[in-house]
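The structure appears below as structure tokens.
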Amino acid sequence: MKTTVVGSYPSFPSMETMMSGYYHHIDMYAGCLAESVDEQVRAGVDIITDGQTRGDMMTIFAQKILGMRLKGKPHIINELKLPESINLADTLKAKELAAGRAEIKAPITGPSTLFNFCINQYYDDTTEGVMALARVLNKEARFLDPHVALFQFDEPYFAVEYPEYAEELMKTLTAGLTKPVALHVCGKVHKLLPDLINLPVDILDHEFAANPGLFDVVKELDMKQSIGLGCVINNVDEVETVETIANRIRPAAEHFGTDRLYIDPDCGLRHIKKESAFAKLQNMVEAAKQIEKEFR
Amino acid sequence: MISFAKEQQELSLGDVIIGGPVGKNPTVCFPTILFGKKFAILNDDNKARARELIDLAFQLSKETHVPFIFDVSIKKSEQVAERLDFISQVLPETMHFCVDVPVAEVRCDVLNYCGKHNLLNRLIYNSINLGMTDSEYELLQSNTPLSSIVLAYNPKDASTDGRVDILDTGAGYTDTGLINMAKDAGVKNLLLDTGATTFGSFAAEAIRSIPVFKDKWGLPTGCAIHNTVDAWKYLKTYRKENEKAYSHCDAISDAMIIAYGADFVIPGKINNMRSIFPAVALADMFVAEGASDYFGIEVAEHHPWSKLR
């Protein structure tokens with residue numbers, strides 16, 4: 001059983017750092033990346049991310065994809081291309097800073113979610129645009145493939161509107177990747193799960209803490225994938241006790257066995273205080289160890 | 001070359017006129033003085049050198065008809081009195097000056113000093129920006145400079161929309177936009193700096209923002225595009241053996257923003273002025289001729305185009 005995170009960590013540059021970024025041309029997010037990695041490692045998380053500190057899950061990608069123009073919301077104004085990696089430098093830096101104490105996961109916003117967030121002024125229809133974006137994000141993933149232990153594609157939009165071409169979409173998105181792939185869909189996915197289990201992914205990651213009834217749906221399904229078990233509420237500062245978290249993990253461990261579980265928060269931690277995020281991760285790691293011991 | 005439906009304000013900064021319809025008035029240069037290690041601590045030698053450079057600026061301005069205002073570099077509180085003393089002694093009494101002060105605390109010291117020594121009417125405050133502290137803003141309201149640069153740096157969104165947002169609404173950082181804050185503090189003359197960023201951080205948006213700002217607010221607009229050139233990694237290496245190339249690149253960057261309608265350029269160290277002043281004059285020649293031919297703008301008599309055709 002491994003512990004991981006979904007993506008974002010609440011480390012933000014101070015006003016002084018931001019102004020230094022302007023006056024002295026320093027990378028104002030370098031410190032945030034270092035802090036995110038340090039805190040995830042100190043909390044004991046097995047598979048960490050770079051903290052996604054450069055922006056929200058849309059902007060990080062939109063500002064680097066050719067054909068997307070940032071004008072308030074991203075506008076798709078031309079054919080979408082990716083001349084160079086969006087996140088390779090930060091991924092390598094995170095790996096360097098982790099120094100073998102944790103593996104690295106690459107969270108990538110999914111094409112359906114990202115496309116539907118943008119204002120489309122180029123593609124004739126959504127399907128064409130989403131598939132074009134899938135090819136772009138696949139290219140990003142292939143840049144990162146040699147350097148990460150795990151991928152996670154984030155598709156919260158699946159819970160809003162599930163595309164009929166989802167299987168083809170995921171095949172395009174994951175083509176050529178050599179590492180395990182997780183699909184993270186937050187929100188109420190009870191009715192969606194029977195479709196999701198048919199997708200060519202290795203891990204299905206969902207918000208089990210915020211949706212306690214979700215596990216009852218999951219355990220009735222004949223699913224091949226491992227489970228990304230969101231077991232910590234990600235958007236309130238109150239820190240759950242080790243016991244509370246362990247109680248959330250235990251039924252899943254009983255049903256699936258610990259080998260098929262990835263333990264993580266429900267979603268990104270960007271919106272809570274740093275102190276809360278760290279304490280939640282610490283308790284989550286402790287709870288996972290406790291369950292691992294119980295089931296050995 | 002460019003014209004705006006929005007009326008473009010003309011401001012008088014001492015004897016220098018800035019702004020107005022594109023092509024009417026010459027672009028104003030803000031060369032930086034007392035910058036760098038050689039001027040870290042003022043002494044008789046480097047003051048003499050500074051006077052030489054100041055005289056050079058006056059000479060080049062006379063030859064090229066490019067008006068200028070000095071941008072005085074002040075990094076620490078202990079430099080405030082000495083540098084402002086020096087400047088107010090060497091410059092003509094009516095000449096305005098700008099202060100290049102990245103640190104909020106030091107900007108407060110500048111305001112206090114200028115307030116005490118009756119210099120607020122000559123001071124162009126550089127700048128009102130996101131890094132302004134509460135105490136700085138409070139002081140700005142009691143020791144109000146006549147003129148200020150307002151810097152459109154938005155760390156969250158470096159697109160033109162983001163830069164507009166920080167001036168217009170505060171972009172979530174402040175309750176109101178930086179322009180309103182400047183006006184509420186009582187600053188009469190506002191100059192907008194689009195905020196030069198490095199390559200890879202939407203550098204071109206600093207240029208593209210110029211006509212957008214002028215169309216929206218009608219205020220004199222420019223930027224220190226020199227900072228993008230200075231931070232360019234390739235040039236940092238290349239210039240070690242080709243220093244002239246750096247001056248040329250610097251001059252080109254200023255010409256580029258003038259072509260987009262800039263009313264002022266902040267071109268960096270005064271040492272480069274032999275390249276910068278003629279380049280600014282050249283760019284101004286094109287812009288003025290285009291404004292006259294195509295838009296029927298009456299070019300000012302003191303403009304390089306009027307003098308050097």
Side-chain angles (χ1 to χ4, degrees), chain A residues 8 10-33 51-78 82-90 92-93 117-119 121 270-271, chain B residues 73 75 100-107 126-134 136 151-166 168-169 171-174 193-206 208-209 212 223-224 226-233 236:
Chain A
S8 64
S11 179
F12 305 103
S14 65
M15 184 57 69
E16 201 183 323
T17 304
M18 287 196 280
M19 294 315 296
S20 270
Y22 176 74
Y23 286 118
H24 305 297
H25 315 306
I26 62 156
D27 177 1
M28 62 181 175
Y29 293 105
C32 301
L33 188 157
Q52 290 190 312
T53 58
R54 289 189 188 278
D56 57 68
M57 64 186 285
M58 308 294 184
T59 315
I60 287 176
F61 296 90
Q63 63 189 4
K64 297 281 188 184
I65 294 175
L66 194 61
M68 280 193 186
R69 170 193 289 164
L70 273 190
K71 195 173 155 50
K73 278 192 133 188
H75 290 233
I76 298 175
I77 50 111
N78 208 339
L82 193 69
E84 54 187 30
S85 172
I86 297 164
N87 220 29
L88 181 58
D90 279 358
L92 291 175
K93 190 66 187 173
F117 181 73
C118 296
I119 294 172
Q121 293 176 299
R270 178 179 179 81
H271 298 291
Chain B
S73 174
K75 297 273 185 275
D100 178 16
V101 188
V103 180
E105 192 189 299
V106 180
R107 287 198 297 270
N126 187 9
S127 56
I128 288 172
N129 64 60
L130 185 61
M132 183 167 60
T133 58
D134 291 340
E136 182 186 355
L151 176 63
Y153 169 59
N154 181 344
K156 267 191 304 202
D157 182 356
S159 69
T160 293
D161 283 271
R163 294 169 202 241
V164 166
D165 208 16
I166 198 84
D168 205 17
T169 70
Y173 288 107
T174 48
D193 182 340
T194 60
T197 45
T198 55
F199 289 122
S201 298
F202 294 82
E205 292 291 87
R208 203 173 71 78
S209 294
V212 172
C223 70
H226 146 86
N227 287 343
T228 307
V229 176
D230 209 40
W232 185 22
K233 285 182 191 153
K236 277 186 195 288

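If you're wondering where the values come from, they're calculated on a predicted model, not measured in any experiment.
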Within 6.0 Å of [atom1] in [X], more than 12 heavy atoms from elsewhere:
| X | atom1 | answer |
| --- | --- | --- |
| A/Lys93 | NZ | no |
| A/Lys73 | NZ | yes |
| A/Arg270 | CZ | yes |

Could you pull out the closest heavy-atom pair between B/Gly200 and A/Lys64, with the gap in Å?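 Taking B/Gly200 first and A/Lys64 second, the nearest heavy atoms are O-NZ, 4.0 Å.
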For A/Met18 versus B/Tyr153, what's the shortest heavy-atom pair and its separation?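 It is O-OH, 2.8 Å.
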Should B/Asn227 and A/His25 be marked as a side-chain contact (heavy atoms from CB on, under 4.5 Å) after you check the CA-CA gap, both sets of side-chain angles, and the distance that decides it? CA-CA 9 Å; B/Asn227 287 343; A/His25 315 306; 4.0 Å; yes
Nearest-0.5 Å distance, [atom1] of residue [X] to [atom2] of residue [Y]:
| X | Y | atom1 | atom2 | answer |
| --- | --- | --- | --- | --- |
| A/Leu70 | B/Asp157 | CG | CG | 6.0 Å |
| A/Ile26 | B/Thr198 | CD1 | OG1 | 11.0 Å |
| B/Asp161 | A/His75 | CG | NE2 | 7.5 Å |

With a 4.5 Å limit on heavy-atom distance, are the side chains of B/Pro155 and A/Met28 in contact?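 Counting from C-beta outward, B/Pro155 and A/Met28 do come under 4.5 Å.
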Under 3.5 Å, is there a donor on one side chain and an acceptor on the other for A/Tyr22 and B/Asn154?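 On atom types as modelled, these side chains do not qualify, holding no pair under 3.5 Å.
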In terms of heavy-atom proximity below 4.5 Å to chain B, should A/Gln63 be classed as side chain, backbone, both, or neither?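 Contact with chain B is through both the backbone and side chain of A/Gln63.
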Go through the atoms of A/Tyr29 and report whether side chain, backbone, both or neither lie under 4.5 Å from a heavy atom of chain B.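 Answer is side chain: those atoms of A/Tyr29 sit under 4.5 Å from chain B.
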B/Asn129 versus chain A, heavy atoms under 4.5 Å apart: side chain, backbone, both or neither?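 The side chain, not the backbone.
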